[in-house]
Amino acid sequence: MTAERKREAREKILLGAIVVKAGLSNADRAFLLGGLLELARTVPGSSEHQRLRDIGKEAFKASFLDAVQEKAEWH
């Protein structure tokens, strides 16, 4: 496997993990694609773009803190 193919595979895995993290792993693929197409129309730097980005940042922080707490509970 070439380095480029490995990079692409890793990117796809990470994007899939985001879908799972959002609780959409059982969602209809057409629904997901429609939502992503709507997001793609959001103007970077707009208030809506920033609002959605802030929500995502908080979700990543929360999942990171959950993982840290879960790991601490194992010890």
Side-chain angles (χ1 to χ4, degrees):
M1 187 180 274
T2 67
E4 179 63 19
R5 285 184 64 197
K6 284 182 181 180
R7 187 196 63 75
E8 288 177 1
R10 178 167 169 71
E11 186 174 332
K12 289 174 184 177
I13 290 167
L14 291 173
L15 290 171
I18 289 171
V19 170
V20 171
K21 189 176 300 240
L24 296 170
S25 58
N26 293 322
D28 177 71
R29 292 187 321 177
F31 169 76
L32 288 174
L33 182 56
L36 291 170
L37 290 170
E38 281 294 311
L39 286 173
R41 294 181 183 129
T42 304
V43 177
S46 68
S47 61
E48 181 65 359
H49 184 270
Q50 189 59 48
R51 184 184 75 80
L52 294 170
R53 185 170 162 77
D54 291 344
I55 291 169
K57 281 183 173 182
E58 288 301 313
F60 276 123
K61 283 183 198 174
S63 64
F64 172 76
L65 293 175
D66 291 344
V68 168
Q69 183 178 10
E70 185 176 303
K71 187 174 183 181
E73 291 172 358
W74 283 59
H75 296 291

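Nothing fancy with the numbering, it's 1 onward along the sequence. In this text, all values refer to a predicted model and were calculated from it rather than measured experimentally.
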Asks: Rounded to the nearest 0.5 Å, how far does NZ of K57 lie from CG of L52?
Replies: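 The distance works out to 13.0 Å.
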Asks: Among T42, L39, V43, D54, which one satisfies side-chain contact (heavy atoms from CB on, under 4.5 Å) with H49?
Replies: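 Of all the options given, the one that passes is T42.
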Asks: So if I apply the side-chain contact (heavy atoms from CB on, under 4.5 Å) rule between R7 and each of E11, R10, R5, which one comes out positive?
Replies: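 Between R7 and the candidates, side-chain contact (heavy atoms from CB on, under 4.5 Å) is satisfied uniquely by E11.
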Asks: Salt bridge check: are E8 and K12 linked by an N-O gap of less than 4.0 Å?
Replies: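 Not counted as a salt bridge, because no side-chain N and carboxylate O are separated by less than 4.0 Å.
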Asks: State plainly whether the residues E48 and R51 are in salt-bridge range, i.e. N to O under 4.0 Å.
Replies: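 Counted as a salt bridge, because a side-chain N and a carboxylate O are separated by less than 4.0 Å.
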Asks: Any link between F31 and V19 through a network of hydrophobic side chains (Ile, Leu, Val, Met, Phe, Trp, Tyr) touching at under 4.5 Å?
Replies: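 Yes, because F31 and V19 connect within a single hydrophobic cluster, where side-chain heavy atoms sit under 4.5 Å apart.
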